[in-house]
Amino acid sequence: MPGAARPVRGEVIELWVRVLGSAAGGGFPQWNCACPPCAAVRTGSRPARPRTQSSIAVSPDHRRWFLLNASPDVHAQIERSPALRPSAGRAVPLEAVLLTDAELDHTLGLLLLREGRGLRLHCTEAVYEALHDVNSLLRTLETYCPVTWHPVVPGDDVALCDGLSYRAFDVPTTKRARFGPDDAPGRVVGYRLSGEDGRSVVYLPGVQELTPGVLEAVDGCDCLLVDGTCWSDDELIRLGLAARTSRDMGHMPIGGPDGSLARLSSPPAARRTLYLHINNTNPILIEDSPERRAVESHGMEVAVDGMELRI
Ligand code: MLT
Ligand code: MN
Ligand code: ZN
């Protein structure tokens, strides 16, 4: 977006990640939910921290920032992040937005960024079509500000700016598409972002199965930010909140023999792994729960809003 800070010559290029929001759709607590974690965080009866809906910002220099997904909480998330606030006039250090899919909790924030002078948007053709032609979110946005679409092609290396590039990878899913056809390729992707010296972070807030292709895309990364939606596959069913399993919704559970904790921890898929996109029903949100202890005893972490990582 115009007016953003430029790198200073000779400046050390590194890789920064700021967790803007760490909850799944609805946030934590969710306005219409009284499940055990939502009730506990409202009353303070158990140790738990409120969370906004998932999004991260990535930067090669702590000056130019790229948003990964734009959550409905984006205004509050920017205000809480000193590095993302405008420096002078209306110049903001946000350079572009990269989308993993067309879910509303990952895209509604685009409409809230309409006051900017324009938006650079990276997403696959399937996601663009869903947002432009099917639910018309992008057509609405375009009546307020120019939108420049950069088509994302899984497997291609793309330079975002000096010192930062990405490679998207396809995340196979059988989840029912809310917008557009169920079988469109590129409906869900993950991103591997790399700094100048090869350090890399993977953003994967939705993954239904750790397929060989997904594991290959994650392999050897320094930091993995991965889908922590549900602890168990039948979590929402057992609580009487929904009829579908976690996997039906495109999210592999953390626990159990084929959960992501077992699959990603031995051997460790990444130098550092953090769960985010955590649904409000997930017991890992309760900081003294056995599930939280299980995550931590496997050497994995639970992300929280405002966390800043220097990769
Ligand atoms: C998802 O990523 O699947 C969403 O969090 C679903 C939702 O917002 O309901
Ligand atoms: Mn989501
Ligand atoms: Zn809840």
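Predicted, not measured: the structure shown is a model, and the values here were computed from it. One-based numbering, in listed order, for ligands and for the atoms of each.
Asn280 contributes OD1 and Cys33 contributes SG; the angle these two atoms make at the Zn ion (ligand 3) is 110°, rounded to 10°. Rounding to 10°, one obtains 110° for the angle at the Zn ion (ligand 3) between SG (Cys38) and SG (Cys35).
Taking 2.8 Å as the threshold, Gln30 does not count as a candidate ligand of the Zn ion (ligand 3), since none of its N, O or S atoms lies below it.
If you look at His122 and Tyr191, their ring centroids are not closer than 6.0 Å.
Protein heavy atom nearest atom 2 (O) of ligand 1, with residue, atom name and distance: His277 NE2, 3.1 Å. Of all protein heavy atoms, the one closest to atom 5 (O) of ligand 1 is Asp105 OD2, 2.9 Å.
Here Arg18 pairs with Glu308 in a salt bridge; the nearest charged N to carboxylate O distance falls below 4.0 Å.
In this structure, CG in Leu309 is found 9.5 Å from CH2 in Trp16, a value given to the nearest 0.5 Å. Remark: Leu99 CG to Asp101 CG distance equals 8.0 Å, nearest 0.5 Å.
Contact annotation for Arg178 and ligand 1: only side-chain heavy atoms (C-beta onward) come within less than 4.0 Å of the ligand.
Of all atoms in ligand 1, listed by their number and element, those nearer than 4.0 Å to a heavy atom of Gly25 are 5 (O), 8 (O). Heavy-atom proximity to His106, at under 4.0 Å, picks out these atoms of ligand 1: 2 (O). Short contacts between ligand 1 and His251, defined as distances under 4.0 Å to a heavy atom of the residue, involve ligand atoms 1 (C), 2 (O), 3 (O). Every atom of ligand 1 is numbered from 1 in the order shown, and the set under 4.0 Å from a heavy atom of Lys175 is 3 (O).
For the Mn ion (ligand 2), protein N, O or S atoms under 2.8 Å: 3 in total.
Checked by atom type, the side-chain pair Ser200/Arg192 shows a donor-acceptor distance below 3.5 Å. For the 3.5 Å distance criterion, the side chains of Asp305 and Thr52 qualify, holding a donor opposite an acceptor. Side-chain atoms of Glu142 and His132 include a donor-acceptor pair closer than 3.5 Å. There is a side-chain donor-acceptor pair under 3.5 Å between Thr229 and His277. Of the N and O atoms on the side chains of Ser165 and Asp157, not one donor lies less than 3.5 Å from an acceptor on the other residue. Checking Thr174 against Gln208 by side-chain atom types alone, a donor-acceptor pair falls below 3.5 Å.
Side-chain atoms of Arg51 come within 3.5 Å of backbone N or O of Ala303 as a donor-acceptor pair.
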